[in-house]
Amino acid sequence: VQLQACGGGLVQAGGCLRLSCAASGRTVGIYHMGWFRQVPGKEREFVATISVSGRTPDIADSVKGRFTISRDDAKNMLYLQMSSLKPEDTAVYYCAADSNYRKVVAGYSDSWGQGTLVTVSS
């Protein structure tokens with residue numbers, strides 16, 4: 001499956017953004033999906049994952065209560081709603097997909113989007 005993330009941009013601290021990830025090539029309904037982020041010079045960081053069923057998503061403690069992951073399989077889309085953004089949320093955000101949930105959580109998905117930059121100003 002091919003993934004393309006978009007929706008990043010510049011936002012002030014406390015603001016909101018919604019990232020979108022469009023899937024093509026195969027129906028996204030058979031894939032577990034997730035969001036990761038990376039700051040230059042640092043390792044890629046887990047943000048959130050959502051299973052095929054969409055129930056009980058996993059959310060990183062650093063964003064829990066502020067970020068929500070969701071999916072719309074009818075539209076082949078994955079979303080990340082981000083609120084109460086902080087400067088430390090500044091990063092390139094990547095969407096990922098794999099048929100193996102553990103690979104998604106571990107950051108070893110076979111499919112990755114190209115990344116979208118989120119910059120949060122203080």
Quiz item: Linking Ile, Leu, Val, Met, Phe, Trp and Tyr by side-chain heavy atoms under 4.5 Å, what else ends up with V92?
Solution: F36, F46, Y94, W112, L117

Quiz item: Quick one: are T49 and H32 in side-chain contact, heavy atoms under 4.5 Å?
Solution: no

Quiz prompt | Pairwise salt bridge (Lys or Arg N to Asp or Glu O under 4.0 Å) hits with a residue in residues 83-99, at least two apart | solution = R37-D89, R66-D89, D98-K103

Practice problem: Just jot down the salt bridge (Lys or Arg N to Asp or Glu O under 4.0 Å) partners of D58, sequence neighbours excluded, or say none. | Solution: none

Exercise. Indicate, with yes or no, if W35 and V104 share a hydrophobic cluster defined by side-chain heavy-atom contacts under 4.5 Å among Ile, Leu, Val, Met, Phe, Trp and Tyr.
Key: no

Quiz prompt | side-chain hydrogen bond (donor to acceptor under 3.5 Å, both in side chains) partners for D73, two or more places apart | solution = R71

Self-check item: Where V39 and A91 come nearest, the two heavy atoms and their spacing
Solution: CG2-CB, 3.9 Å

Please tabulate, one pair per line, all N/O donor-acceptor pairs under 3.5 Å involving side-chain atoms of residues 74-81, not counting sequence neighbours.
unit_1: N76; atom_1: OD1; unit_2: V28; atom_2: N; d: 3.1

Self-check item: Over all atoms of both residues, closest heavy-atom pair of G25 and Q2
Solution: CA-OE1, 3.6 Å

Could you pull out all donor-acceptor pairs under 3.5 Å where a side-chain atom in residues 3-18 meets a protein atom, sequence neighbours excluded?
none

Quiz item: Considering all heavy atoms of both residues, which atom of I59 and which atom of A48 are nearest to each other, and what is their separation?
Solution: CD1-CB, 3.6 Å

Practice problem: Identify the two heavy atoms, one from Y31 and one from A97, that lie closest to each other, and give their separation to 0.1 Å. | Solution: CB-CB, 4.1 Å

Quiz item: Would you find a donor on one side and an acceptor on the other, under 3.5 Å apart, between the side chain of S111 and the backbone of V1?
Solution: yes

Self-check item: Reported OH-to-OG distance for the pair Y101 and S53, which is rounded to 0.5 angstrom
Solution: 8.5 Å

